Amino acid sequence: MENRYDMPIGLSFQLGLNEKALSVYAKMDESEKKQVVEAARNVSSKAEMQRLVSDLEHNFA
């Protein structure tokens, strides 16, 4: 199992600002979480990270 602390800091920060997205992320299985973390590693701007987290809230809720 991958170390959970490998989450990019930007993803952690944005999830902390978005309670609904954090709740969705918390309910995901390990495979889904890994996909989100991998997507976050490919983000190159704050706005892109915000969109990624916003998409969690809207597409998986």
Side-chain angles (χ1 to χ4, degrees):
M1 183 169 131
E2 190 173 273
N3 183 348
R4 338 180 154 217
Y5 298 105
D6 287 342
M7 178 185 286
I9 191 74
L11 177 58
S12 278
F13 183 76
Q14 290 300 323
L15 284 172
L17 294 174
N18 187 325
E19 191 175 325
K20 289 180 185 177
L22 179 59
S23 177
V24 169
Y25 181 82
K27 293 175 186 174
M28 291 179 156
D29 65 30
E30 290 303 314
S31 174
E32 291 169 324
K33 288 178 181 177
K34 186 175 180 180
Q35 288 178 322
V36 172
V37 168
E38 288 301 317
R41 287 190 180 129
N42 293 315
V43 165
S44 59
S45 71
K46 179 181 176 181
E48 204 175 336
M49 186 67 77
Q50 289 170 330
R51 276 192 302 275
L52 175 71
V53 171
S54 180
D55 286 349
L56 285 178
E57 176 186 352
H58 297 359
N59 296 331
F60 294 96

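Bear in mind the structure is a predicted one, so any value in this text is a computation, not a measurement. In this chain, numbering begins with 1 at the start of the sequence shown.
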Does a side-chain heavy-atom distance below 4.5 Å link Q14 with L52?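 In short, these two side chains do not touch, never coming nearer than 4.5 Å.
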Residue list, side-chain contact (heavy atoms from CB on, under 4.5 Å) with V36, at least two apart or on another chain: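 Per chain and number, V36 pairs via side-chain contact (heavy atoms from CB on, under 4.5 Å) with L11, Y25, M28, L56.
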If I take atom NZ from residue K27 and atom CG from residue L22, how far apart are they, to the nearest 0.5 angstrom?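 If we round to the nearest 0.5 Å, K27:NZ and L22:CG are 10.5 Å apart.
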Nearest atoms (heavy-atom pairs only) where A26 meets K33: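 Answer, listing the atom of A26 first, then K33: O-NZ, 3.8 Å.
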Restricting to non-hydrogen atoms, name the atom on P8 and the atom on R41 that form the minimum distance, rounded to 0.1 Å.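 Heavy atoms only, the tightest pair is CG-CG, 3.8 Å.
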Please list all pairs passing the side chain to side chain donor-acceptor pair (under 3.5 Å) test where one or both residues lie in residues 42-51, with sequence neighbours left out.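 Every pair satisfying side chain to side chain donor-acceptor pair (under 3.5 Å) with a residue in residues 42-51: S44-E48.
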Remaining members of the apolar cluster that contains I9, side-chain heavy atoms under 4.5 Å: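 Under the 4.5 Å side-chain rule, I9 groups with nothing.
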Steps toward side-chain contact (heavy atoms from CB on, under 4.5 Å) verdict (V53, E57): CA-CA 7 Å; V53 171; E57 176 186 352; over 6 Å; no
